[in-house]
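Here the structure comes first, spelled out in structure tokens, and everything after it is commentary.
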Amino acid sequence: MPNFYCEYCGRKFSTVASLAAQSCPNHPNGMSKGKHRLYQGTEKSQYTCEYCGRTFSSIMSMTAQNYSYHPNGMGKGKHSPAL
Ligand SMILES: [Zn+2]
Ligand SMILES: [Zn+2]
């Protein structure tokens, strides 16, 4: 069975439907202002941030950190996994 991950918070889901049905605590518009978003890439042992190129062992550890150099402005966003 494949796992599905939210691109914003890194939570793991067993179905896309359950992912899309729940609000995301890490949504870029604000806490629980939107649904989880499916990460379209494949499951990896390391994930690279598409903005800064740093690598993380999981999407969850990547998105848990506040990100100072986001293109939207200082502290305005999170790292985001490249596909
Ligand atoms: Zn999420
Ligand atoms: Zn980054």
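Counting starts at 1 for both ligands and their atoms, in listed order.
Side-chain N or O atoms of Tyr5 include none that pairs as donor or acceptor with a backbone N or O of Gln40 at under 3.5 Å. Panel note: side chain Asn3, backbone Ser14; no donor-acceptor pair is recorded below 3.5 Å.
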Report, one line per pair, each donor and acceptor closer than 3.5 Å where one atom sits in a side chain of residues 29-36; sequence neighbours left out.
residue	atom	partner	partner atom	Å
His36	NE2	Ser23	O	3.3

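Ordered by chain and number, Cys6 SG, Cys9 SG, Cys24 SG, His36 ND1 make up the set of protein N, O or S atoms under 2.8 Å of the Zn ion (ligand 1).
Ring orientation note: the planes of His27 and Tyr8 are nearly perpendicular, at an angle over 60° on the 30°/60° scale.
Note that OH of Tyr51 is 11.0 Å distant from NE2 of His79, once rounded to the nearest 0.5 Å. Expressed to the nearest 0.5 Å, how far CD of Glu7 lies from CD1 of Ile59 amounts to 7.5 Å. Between atom CZ of residue Arg11 and atom OG of residue Ser18 there is a gap of 8.5 Å, rounded to the nearest 0.5 Å.
Minimum-distance N/O/S atom of His79 relative to the Zn ion (ligand 2): ND1.
Angle SG(Cys52) to the Zn ion (ligand 2) to SG(Cys49), rounded to 10°: 110°.
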